[in-house]
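Values reported hereafter were calculated over all heavy atoms of this structure, with side chains retained and with hydrogens, waters and symmetry mates removed.
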Amino acid sequence: MTQLITTELVELDQNLGNTPEAVIRHLASKVAAAGRATEVEGLFADAFAREQKTATGIPGGIAIPHCRSAAVTEPTLAMARLNPKVDFGAKDGPADLIFFIAAPDGADQAHLKLLSKLARSLIKKDFTAALRNASSREEIVELVDGALADKPAAHAAAVPADAAAVGTASGAAGASGASAVAGAGAPAASSGPKRLVAVTACPTGIAHTYMAADSLVAAAQEAGVDLQVETQGSSGAKPLDPAVIAAADAVIFAVDVDVRGKERFAGKPVINAPVKRGIDEPAKMVQEALAAASDPNARRVPHYGAEEQAEQAAAEKGEHIGQKLKRALLTGVSYMIPFVAGGGLLIALGFLLGGYDITDVADTVVVENNFGNLPEGGLAIYLGAVLFKIGALSMGFLVPALAGYIAYAIADRPGIAPGFVAGAVSGFMGAGFLGGIVGGLLAGYMAHLIGTWSVPRWLRGLMPVVIIPLLASIFASGLMFLVLGGPIAGLTVALNSWLSGMTGASAVVLGIILGLMMCFDLGGPVNKVAYAFAVAGLSAGAADNQAPWQIMATVMAAGMVPPLAMALATVLDKKLFSLAERENGKAAWLLGASFISEGAIPFAAADPLRVIPASMLGGALTGALTMAFGVTSQAPHGGIFVFFAIGNVLMFVLSIIAGTIVTALAVVALKRWAAPKTADTVESVPATV
């Protein structure tokens, strides 16, 4: 098996810059120079993107930046002992020991297990002390190879005795399914030691997954607690024995991804936190789990399945009400969009074939006519009526789907039925998407509240399928009928009338606002609010009320600008962009033309202070132009590829071109002159292919 680390991959007591970005770039260049990666920029981009998701600093002055990358040709470790230290986000301060783990996309299990074993060794104080005392690159390689082979450190004698003692406790952790059992002198309840189970998992599944497991086991051992851990990492997972789970008093989820097989833990008191907290604060998590085990009101793993959304994990971390509300609304919008996208395109095709008058005859045509009995106007009218009707029926799910999945985000599956019913009531009352939002929130929070009730065991099975949907539907839909539906319907009518009456300067101002919102966070919450506003009003558009269609065209055109502009900027001045960005620029042409604003995210993530303002400038111009020229779109998505659904398509294209040019020129100008780059402290190393 290829050696994971060599002396040429080690840096000792060097100044590699004062930011994680500089350190990671330098270590990526060493990996490429050693012939273990095809390019520096691709590897750096993948590693730094992982770093931005979750800081890789851990207690003890250590950082483990890591990634999987198509640029890596063989699993590799690069190590640096920094002087001065660099802050990698650990709570106890900056790090001086940096291990850069680079794994290929298709790394084999044997290599992944070795990489995971190294990560686990880094929480052992004797091992890290030996690394700090090593005097040569050869010594570092020897220490790492020894850790991978489970050999005692050859230089352990140089480690202070107190550090070694602490390291023994930290190193007590085992592999997947490891356990720590109370010792003879450990405190224990009269009924014996508490039993805990845990699951650890991170997106990459190489380092944090296993380090969190070992940290939790060591903390449990010190607390006199029996803890067994299931690591759901890249090197495989051995599920916990069902009998062990059944006997556990509580469960700890230290995860950044969904737990596989969460239904196995149903009913157990649960502590849920990011995987990094399992490394930083394992003792606190163990104590919280012990407290939850004794608390009859503690949060528990739901009985109704393993597929609850990842958003619930955030809720367990103490989200404030604004965060919970935003999460629920975005979930509802994301599930609503497929209904609207398909329905909107079908309606547009219906108009294309049957004309705007198809709305008056579609119901009659689809019921009374067929291919053997075509209506007046022939095949085009018949097909237009069919397409229009399918689209209209699909659009009819807009409000129920929005409300249903808002409720789902709050209460999981028991919230879906009452949410859909409340949405249907909102549509019946004429309350529109505003009513759907209110109904979905009411249904979701009532379903969630009912789900917390303590009921007899014989009734638990009926709760998610009968009791919760019944009572939550009565509550939410009853309020919509009796109290809220009428006022919200009145507000909806007033809003539609206001939009329909917008002309001239007021319409242009609205276009500017929508353009700014679409380009502010490139697919984030603000972007989604503007898009949801446009989509929700789309069904109200008609030949004599085209304001909703104009808003939809404005939102789509502005959202196409950032990726197209980034693509153009990489052509105008390649030197301002990295190799990875230039490759992203090629893909951004198609993403932008398809109205996928997220195509600009790689550029914004790397340089937000210049890319985002420039994007907003171009988006505002495009929004103003589309509204000024009365451009319309009956399709909610698709970009230039739904040209047949766009009114005044020439001005639609010209508006996008204008915004794209302005943004591209602004980005190039800002990169050249607004904030000149400081001298790079890392010498460029040519990639080895």
Minimal non-hydrogen separation, Ile437 against Ile406, with atom names: CA-CD1, 3.9 Å
Whether Phe48 and Phe44 hold their rings parallel, tilted or perpendicular, with breakpoints at 30° and 60°: parallel
Derivation of the side chain to side chain contact (heavy atoms under 4.5 Å, CB included) call for Ile512 and Leu621: CA-CA 7 Å; Ile512 292 173; Leu621 175 62; over 6 Å; no
Candidate pair Val509 and Ile513, rule side chain to side chain contact (heavy atoms under 4.5 Å, CB included), full reasoning: CA-CA 6 Å; Val509 170; Ile513 294 172; 4.0 Å; yes
N-O pairing of Lys671 and Asp607 below 4.0 Å: yes
Heavy-atom closest pair, residues Met566 and Ala600: CG-CB, 4.0 Å
Donor-acceptor contact present, side-chain Ser426 to main-chain Ala422, <3.5 Å: no
Derivation and outcome, ring pair (Phe, Tyr, Trp, His ring centres under 6.0 Å), residues Phe643 and Phe652: CA-CA 9 Å; Phe643 62 91; Phe652 178 77; over 10 Å; no
Trp673 side chain reached by Val668 side chain, heavy atoms, under 4.5 Å: no
Heavy-atom pair of closest approach, residues Arg25 and Val40: O-CG1, 4.3 Å
Nearest heavy atoms of Gly435 and Ile488, plus distance in Å: N-CG2, 3.5 Å
From CZ (Arg582) to CD (Glu41), nearest 0.5 Å: 8.5 Å
Verdict with reasoning, Asp46 to Arg68, per salt bridge (charged side-chain N to carboxylate O under 4.0 Å, His left out): CA-CA 7 Å; Asp46 290 334; Arg68 292 171 179 266; over 6 Å; no
Donor-acceptor contact present, side-chain Asn648 to main-chain Gly630, <3.5 Å: no
Euclidean distance, Ile468 CD1 relative to Leu449 CG, rounded to 0.5 Å: 10.0 Å
Distance-only polar pair, side chains of Thr632 and Gln550, donor-acceptor under 3.5 Å: no
Passing option when Phe420 is tested against Phe397, Tyr405, Tyr408 for ring-ring contact (aromatic ring centres under 6.0 Å, His included): Tyr405
Check: Thr626 side chain, Gly623 main-chain N or O, donor-acceptor pair, under 3.5 Å: yes
Where Leu516 and Ala620 come nearest, the two heavy atoms and their spacing: CD2-CB, 3.8 Å
Value rounded to 0.5 Å, distance of CD1 in Ile358 from CD1 in Ile381: 5.0 Å
From CD1 (Ile410) to OH (Tyr445), nearest 0.5 Å: 4.5 Å
Side chain to side chain contact (heavy atoms under 4.5 Å, CB included) partner of Val631, the single match among Thr554, Ile646, Ile656: Ile646
Whether Ser615 side chain and Pro562 backbone form a donor-acceptor pair below 3.5 Å: no
Main-chain N/O of Gly42 paired to Glu39 side chain as donor or acceptor, under 3.5 Å: yes
Spacing of Leu442 atom CG and Ser473 atom OG [to the nearest 0.5 Å]: 12.0 Å
Taking every non-hydrogen atom, the tightest pair across Met429 and Ala489: O-CB, 3.4 Å
Contacts of Phe595 that satisfy ring-ring contact (aromatic ring centres under 6.0 Å, His included) - sequence neighbours left out: Tyr531, His637
Trace of the side chain to side chain contact (heavy atoms under 4.5 Å, CB included) decision for Tyr382 with Val365: CA-CA 7 Å; Tyr382 179 63; Val365 168; 3.7 Å; yes
Donor-acceptor contact present, side-chain Glu51 to main-chain Glu21, <3.5 Å: no
Whether Thr663 side chain and Ala614 backbone form a donor-acceptor pair below 3.5 Å: yes
Inter-residue atom distance Leu471.CG - Ile450.CD1, 0.5 Å rounding: 4.5 Å
